Amino acid sequence: MNPADLSATLLSVVSRIAADRGTPDLGLTVNDLVLERPRNRDHGDWASNIAMKLAKPLGANPRELATEIAEQARAIDGIASVDVAGPGFINITLDAAAAGALAKTIVEQGEAYGRNDSLAGQTINLEFVSANPTGPLHIGHTRWAALGDSLARILKAAGAELVSEFYINDAGNQMDNFGASILASAKGEPTPENGYPGAYVAELAQRVLASNPEILELDHDEAIAVARERGYELQLGEIKKSLAAFNVHFDVWFSERELHAVNADGKSAIDAAVERLRAQGHVADIDDAVWVKTTDFGDDKDRVIKRGNGIYTYFAADAAYYLSKGDRGFAHKIYLLGADHHGYVHRLKALAGAAGDDPEKDIEVLIGQLVSINGARLSKRAGNIIELDDLREWLGTDALRYSLGRYPSDSPLSLDPEILQKRTNDNPVFYVQYAHARTHSVARNAGESGVDRSVFDASLLTNESESILLGVLAEFPRIVAQAAELREPHRIARFAEELAGSYHRWYDQCRVTPLNDEEVTDVHRTRLWVNDAVGQVLRNSLWMLGVSAPERM
RNA sequence: GCGCCCGUAGCUCAGCGGAUAGAGCAAUUGACUACGGAUCAAUAGGCCGGGGGUUCAAAUCCCUCCGGGCGCACCA
């Protein structure tokens, strides 16, 4: 019996009691009947606070209500005991067979175990990183790359129809500055004003020179254009390579230029977007400029979308981009932004509102705090930028992905490179990976000793560490659903650590492979199922975090 | 000044109203002629930043103050 079954069964019990008391329709759903795994093992396998929750609406004493529920719950098949404790907690203990059956289920479901339909039917566009293609990705992008990619995997696992998207800011002045910087470097001239310094520009310049030596001969503007386009192509390629090496995948690479391109009707997507906002009544012409009345939706000031000189602001492209997401069928848009962009939240929400969408439901902006290393904040201003590639080569994809993924995005994060390089318990990623590797080594040894999965008798799983382990395994689908709903990948990492810990403790107490002079029994065979179930769930967890699950370390 | 985020063990951090607030590291002490000791067991460590409030119940929700971070462009 898994927690979902137990909740459903308990729900029917509670509904029946409510009906008996003359309150038939409380509108209760399974979600109201949250079962928790109590911290204290003396409180059973699962605990419910439903009696305390319902005491008021039913006009009942919580303890009496709990007692009544407990009496009826005792009769349910698979439940070993039910106790009432404290102010009205209902503590449930499953019998070993009912709890243990899960191990077999997990092995049979394999990669599917943990997946659920909690977000079924939702169409989500998840945008993250979205860096300018004018330079390498740095640590400021790294956290969002890790979190965004993990979140995408988790949302998909929860049944959402999701597309992950990288918005390429390939329009605007910075592209010309980029081109001019490359050209200057190619000619051996100093970096121009507002240009991009850095060794990577010189490298790009050499590559551009190799493929397009004519830039030295062309007139200035043409040469800049060639340098810009070729440099863009090369740099975007570098970005894609960096992300792929970091195990980060995007379904769509969306070019801002598409929004500026003039279509057959003589208008760009941006022109059309401004017209649509105007039709909704949220645009005003003041002086020569065009404004969006974002204050209608809680922004602290209105925003210019088209300047007095007739040129659109960056905000115009944002508007067109937002609308394009809706036009492409995404009801729900999630943006992952760094804390240094949080001033943008109101504007984006206002955009949704001005477009006729619901700013509370259709758009969601997740703000992530910045990362520091050894307490030193890394910022462009301080000039201590570290590139994603350097970090990855230094610490490894697994350690970096994991340590960025195991904290909520809104908590400021300080990484210690010393710890990240350690291959010990200090470094949680190795703790979890080692547990996974151990499940494989246990399975290998078991196989060599003639232990197979020919028998599964869950009633033999009686060790306390065994029932704890099974309880942790049972929580996985709910953890996934919760991580998806709250957009919090770190919950998967924390779960994986708890599972790894429970597994190591179980390993310490329960042998899968018999000692030399012992015979292979059904206990060993059944435990092999448990071992393999743990390996599967660790694998599924690590996959969601974009971290490898090695079979040997 | 206004807005958003954070403040929990010596350190890095979990804990979307529930029972005695947790984990890892660091400290102290144990366990290898036993499936990988990259592990496990045990001890110690806390006015959950301060103060009010809501609730049967607050680290969690509300208000306020203090401390830290980040933003407040007809830039992109």
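Labels below follow one simple rule: chain letters A, B, ... track the order of the sequence lines, proteins then strands, and each chain is numbered from 1. If you're wondering where the values come from, they're calculated on a predicted model, not measured in any experiment. Side chains included, hydrogens not; waters and symmetry mates left out as well; all remaining heavy atoms used.
In this structure, R505(A) does not reach the rU39(B) phosphate: none of its side-chain N or O atoms is under 4.0 Å from OP1 or OP2. For the OP1/OP2 pair of rC40(B) and a distance below 4.0 Å, the side-chain nitrogens and oxygens of Y434(A) include no atom meeting the criterion. Contact check, R438(A) against rG37(B): a side-chain N or O comes under 4.0 Å of OP1 or OP2. One finds a side-chain N or O of R307(A) lying less than 4.0 angstrom from the OP1 or OP2 phosphate oxygen of rA76(B). Taking 4.0 angstrom as the limit, Y503(A) places none of its side-chain polar atoms (N or O) nearer than this to OP1 or OP2 of rU39(B).
Proximity note for N173(A) (side chain, C-beta onward) versus rA76(B), rU39(B), rA73(B): the nearest is rA76(B). You'll find that the side chain of N91(A) is closest to rA19(B), out of rC74(B), rC40(B), rA19(B).
Applying the salt bridge (charged side-chain N to carboxylate O under 4.0 Å, His left out) definition to pairs two or more places apart or across chains, none involves residues 502-513 of chain A. Legend: salt bridge (charged side-chain N to carboxylate O under 4.0 Å, His left out) pairs involving residues 306-324 of chain A, not counting sequence neighbours: none detected.
The distance between atom CG of D508(A) and atom C1' of rG30(B), rounded to the nearest whole Å, is 13 Å. Protein atom NZ of K349(A) is 19 Å distant from nucleotide atom P of rC72(B), rounded to whole Å. Between the C1' atom of rC56(B) and the NZ atom of K53(A) lies a distance of 13 Å, rounded to the nearest Å. One interatomic measurement links the two molecules: OH of Y167(A) to P of rA76(B), which rounds to 11 Å at whole-angstrom precision. Atom P of nucleotide rC74(B) and atom CD1 of I305(A) are separated by 13 Å, given to the nearest angstrom. Counting to the nearest Å, the P atom of rA41(B) and the CG atom of N463(A) are 12 Å from each other. In this structure, CD of E36(A) is placed 14 Å from P of rG15(B), rounded to the nearest angstrom. For the pair K306(A) NZ and rA76(B) C1', the computed distance is 19 Å after rounding to whole Å.
Residues meeting the salt bridge (charged side-chain N to carboxylate O under 4.0 Å, His left out) test with D176(A), sequence neighbours left out: R228(A). Residues passing the ring pair (Phe, Tyr, Trp, His ring centres under 6.0 Å) test with Y507(A): none are found, sequence neighbours excluded. Remark: Y503(A) engages W506(A) in a ring pair (Phe, Tyr, Trp, His ring centres under 6.0 Å) (not counting sequence neighbours). Partners of Y232(A) according to the ring pair (Phe, Tyr, Trp, His ring centres under 6.0 Å) rule, which considers only residues two or more places apart in sequence or in another chain, do not exist here. Applying the salt bridge (charged side-chain N to carboxylate O under 4.0 Å, His left out) criterion to D45(A), with sequence neighbours excluded, gives R41(A). In this structure E258(A) satisfies the salt bridge (charged side-chain N to carboxylate O under 4.0 Å, His left out) test with no other residue, sequence neighbours excluded.
Summary of the strand contacts: P87(A) and D302(A) both lie near RNA chain B, and taking for each the nucleotide with the nearest heavy atom, the more 5' one is attributed to P87(A). RNA chain B is contacted by both V442(A) and P408(A); P408(A) maps to the nucleotide lying nearer its 5′ end (nearest heavy atom per residue).
In this structure, F166(A) has its ring center no closer than 6.0 Å to that of F254(A). Residues H504(A) and Y434(A) place their aromatic rings such that the two centres sit under 6.0 Å apart. Between F297(A) and H282(A), the gap from one ring centroid to the other is short of 6.0 Å.
The gap from the C1' atom of rC70(B) to that of rC25(B) amounts to 29 Å, rounded to the nearest Å. Across the P atoms, rA42(B) and rG22(B) are found 14 Å apart, a figure rounded to whole Å. Straight-line distance between the C1' atoms of rG53(B) and rA19(B): roughly 24 Å, to the nearest whole Å.
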**Message:** Could you walk me through whether R444(A) and E551(A) satisfy the salt bridge (Lys or Arg N to Asp or Glu O under 4.0 Å) test, starting with their C-alpha distance in whole Å, then the side-chain angles of each, then the deciding distance to 0.1 Å, before giving a yes or no?
**Reply:** CA-CA 10 Å; R444(A) 281 193 298 270; E551(A) 297 185 5; 5.1 Å; no
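Checked by distance alone, D176(A) brings no side-chain donor or acceptor within 3.5 Å of a matching partner on the base of rA76(B). Side-chain N/O atoms of Y507(A) and base N/O atoms of rA34(B) include no donor-acceptor pair closer than 3.5 Å. No donor-acceptor contact under 3.5 Å links the side chain of D340(A) to the base of rG71(B).
Side chains of H440(A) and R552(A): no donor on one and acceptor on the other come within 3.5 Å. Q174(A) and N169(A) are not linked by any side-chain donor-acceptor pair at a separation below 3.5 angstrom, with hydrogens and angles left out of the test.
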**Complete:** Per-nt protein contacts along nucleotides 3-12 of chain B (heavy atom under 4.0 Å; B base, S backbone sugar-phosphate only, - none) come out as BBSS-----S
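Panel note: side chain S411(A), backbone P408(A); a donor-acceptor pair is recorded below 3.5 Å.
By the 4.5 Å heavy-atom criterion applied to side chains, R494(A) and R491(A) are not counted as neighbours.
Where RNA chain B pairs in unbroken runs of 3 or more (Watson-Crick or G-U, both distances under 3.5 Å), the stems are B:1-7 with B:66-72, B:10-13 with B:22-25, B:27-31 with B:39-43, B:49-53 with B:61-65.
For RNA chain B, the neighbouring residues in residues 488-501 of chain A, judged by any heavy atom under 4.0 Å, are H490(A), R491(A), R494(A). Residues from residues 470-486 of chain A with heavy atoms under 4.0 angstrom of RNA chain B, sorted by number: Q482(A), L486(A).
Evaluation of F89(A) against the base of rG18(B) yields no stacking contact (centre distance < 5.5 Å, interplanar angle < 30° required).
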